[in-house]
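Below is one structure, written out as structure tokens; the observations come after it.
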Amino acid sequence: MDKTNSKLSSQPWVTMLAIAACVMIYLGLLLKNDYGNEATLALFGSKSPDAIWRGSYGALITSAFVHFEIWHIAFNINCLWVLGRLLEKEIGSLAYLGFFIVAAFVSSTFQLALTDTTGIGASGVGYAVFGFMLVTRNKYPAFARILDERTIKLYLVWLVGCVFATAFKIWNVGNEAHVAGLLFGMAVAGALSLRYRLYLTLPALVALVAAAVTMLFWCPWSVSWLSAKAYDAHAAGRYSEALTFYSRVVARDPQSAWAYLNRSYAYATLGKTTQAEADFQKASQLDPDYVKKSTPGLE
């Protein structure tokens, strides 16, 4: 990934457009003031896990521009402007655009697959940029000037600190996106820029991207993926298949009234009244209000 001579690279247009998108979406959400509404979030590019599993894959990229808190957007914009702008200048705007899109996709997909949450914000991309610059700072003198010892420590301490903050329930951070972004940036730098030990770095890069793609279609440890598969099978009339997926959801989330209730409907359709009644009673015990509000059939 070498710098191009294209006029497109004379200005950091990708960085500027990314920052503009972050600001506009932040202000739009601020005016709406409806952060808990899925329809509102979807309008601005952040969709639910179910929607993504069913094909709204673009949200894995657009969610990188979504921020709720002022400190969050300020940190990420600073990262994009200070680091991203410099990376774009060195490798060219078109290469940086591709890097940005794939970094957002990889970091968001790992976040979704490992936590059942989509996550928001450009931190995954930011850590991908940091990872690339960290590995290549000896090749690009400008990177070395920006990534001094203090800055490197800041990013690494923040990375580890966020893990502890999440573990101790101080606040919930997309650590999986951070780590996946960092590894992606480092892998791209090693394989495509430095071409260092290609027999190791290139397979690592390919494996990382391939894993992200694969998890969109096969993610059996994810409750949200299993739930989406169960719902789709049920809606299509494949009741035996739906029962299998509902049971997997229950095994991973024994408190899911939704899974018990829908499994009871599937059992009832197949004439298995004893199992249907048992699941209905279990759902009623777990969440009686939800069961009362539900319409028999498929929720």
Side-chain angles (χ1 to χ4, degrees), residues 1-29 44-47 56-67 70 72-111 118-137 139-147 151 155 174 177-178 180-194 205 208-209 212-213:
M1 298 178 69
D2 296 320
K3 182 179 177 181
T4 69
N5 293 320
S6 170
K7 291 182 179 179
L8 290 174
S9 301
S10 61
Q11 295 294 330
W13 64 274
V14 175
T15 299
M16 292 188 291
L17 287 175
I19 290 175
C22 289
V23 172
M24 291 175 63
I25 289 174
Y26 173 77
L27 293 176
L29 284 168
F44 287 97
S46 176
K47 295 191 177 183
S56 296
Y57 304 130
L60 293 166
I61 297 170
T62 57
S63 61
F65 303 107
V66 180
H67 301 80
I70 186 65
H72 191 198
I73 189 173
F75 180 87
N76 285 338
I77 283 179
N78 179 73
C79 178
L80 291 177
W81 183 248
V82 175
L83 301 186
R85 175 171 57 102
L86 185 57
L87 177 56
E88 181 177 356
K89 178 182 177 182
E90 292 294 340
I91 69 174
S93 292
L94 293 179
Y96 182 65
L97 176 61
F99 177 87
F100 191 107
I101 291 173
V102 181
F105 169 76
V106 169
S107 58
S108 295
T109 302
F110 271 86
Q111 179 72 27
T118 53
I120 57 170
S123 301
V125 176
Y127 267 100
V129 172
F130 169 73
F132 185 101
M133 295 176 68
L134 181 67
V135 170
T136 59
R137 65 189 186 280
K139 178 179 179 179
Y140 300 100
F143 294 178
R145 288 194 294 271
I146 290 292
L147 286 186
T151 303
Y155 273 86
H178 291 176
L182 177 64
L183 293 176
F184 172 76
M186 295 174 71
V188 171
L192 303 184
S193 182
L194 297 180
L205 174 60
L208 193 63
V209 176
V213 174

| said: Using 0.5 Å steps for rounding, measure from the CZ atom of Phe105 to the CZ atom of Phe100. | reply: 15.0 Å
| Donor-acceptor contact present, side-chain Ser107 to main-chain Ala104, <3.5 Å | yes
| Looking at CG of Leu60 and CD1 of Ile101, how far apart are the two atoms once the value is rounded to the nearest 0.5 Å? | 13.0 Å
| remark: What one should report as the nearest heavy-atom pair of Lys47 and Thr118 is O-CG2, 3.2 Å
| said: Ignoring hydrogens, what is the shortest heavy-atom contact between Ile146 and Thr151? Give both atom names and the distance. | reply: O-OG1, 3.4 Å
| message | Less than 4.5 Å apart, side chain to side chain, heavy atoms only: is that true for Leu192 and Leu205? | response | yes
| query | Could you give the distance from CG (Leu27) to SG (Cys22), rounded to the nearest 0.5 Å? | reply | 11.0 Å
| note | Heavy-atom closest pair (Ser193 atom, Lys139 atom, distance to 0.1 Å) is O-NZ, 3.0 Å
| said: Under the criterion side chain to side chain contact (heavy atoms under 4.5 Å, CB included), I'd like the reasoning laid out for Ile77 against Tyr26: C-alpha separation, chi angles, the key distance, then a yes or no. | reply: CA-CA 12 Å; Ile77 283 179; Tyr26 173 77; over 6 Å; no
| said: Looking at every heavy atom in both Ala21 and Phe65, which two are closest together, and how far apart are they? | reply: CB-CD2, 3.8 Å
| query | Can you tell if the side chain of Tyr96 reaches within under 4.5 Å of the side chain of Lys89, non-hydrogen atoms only? | reply | no
| task | Evaluate whether atom CE of Met16 has more than 12 neighbouring non-hydrogen atoms of other residues, nucleotides or ligands under 6.0 angstrom away. | result | yes
| side chain to side chain contact (heavy atoms under 4.5 Å, CB included) evaluation trace for Leu147 with Phe130 | CA-CA 9 Å; Leu147 286 186; Phe130 169 73; 3.9 Å; yes
| message | Please verify the inter-ring angle class for Phe143 with Phe132; under 30° counts as parallel, over 60° as perpendicular, anything in between as tilted. | response | perpendicular
| message | Let's go through Thr62 and Val66 carefully: what are the C-alpha distance in whole Å and the side-chain angles of both, what is the deciding distance for side chain to side chain contact (heavy atoms under 4.5 Å, CB included) to 0.1 Å, and is it a yes or a no? | response | CA-CA 7 Å; Thr62 57; Val66 180; 6.0 Å; no
| field | Nearest heavy-atom neighbours spanning Val135 and Gly190 | value | CG1-N, 4.3 Å
| remark: Result for side-chain contact (heavy atoms from CB on, under 4.5 Å) between Glu88 and one of Thr15, Leu83, Leu80 points to Thr15
| query | Which is it for Phe99 and Phe184 under the ring pair (Phe, Tyr, Trp, His ring centres under 6.0 Å) test, yes or no, and what are the steps along the way? | reply | CA-CA 9 Å; Phe99 177 87; Phe184 172 76; 5.5 Å; yes
| field | Close side-chain approach of Leu86 to Val82, heavy-atom, < 4.5 Å | value | no
| Can you check whether His178 and Tyr127 have ring centres sitting under 6.0 Å from each other? | yes
| query | Got a donor-acceptor contact below 3.5 angstrom from the Gln111 side chain to the Ala177 backbone? | reply | yes
| remark: d(His67 NE2, Ile25 CD1) to nearest 0.5 Å is 9.0 Å
| Trace of the side chain to side chain contact (heavy atoms under 4.5 Å, CB included) decision for Leu87 with Tyr140 | CA-CA 9 Å; Leu87 177 56; Tyr140 300 100; over 6 Å; no
| How close do Ile120 and Ser46 get, heavy atom to heavy atom, and via which atoms? | CG2-OG, 3.6 Å
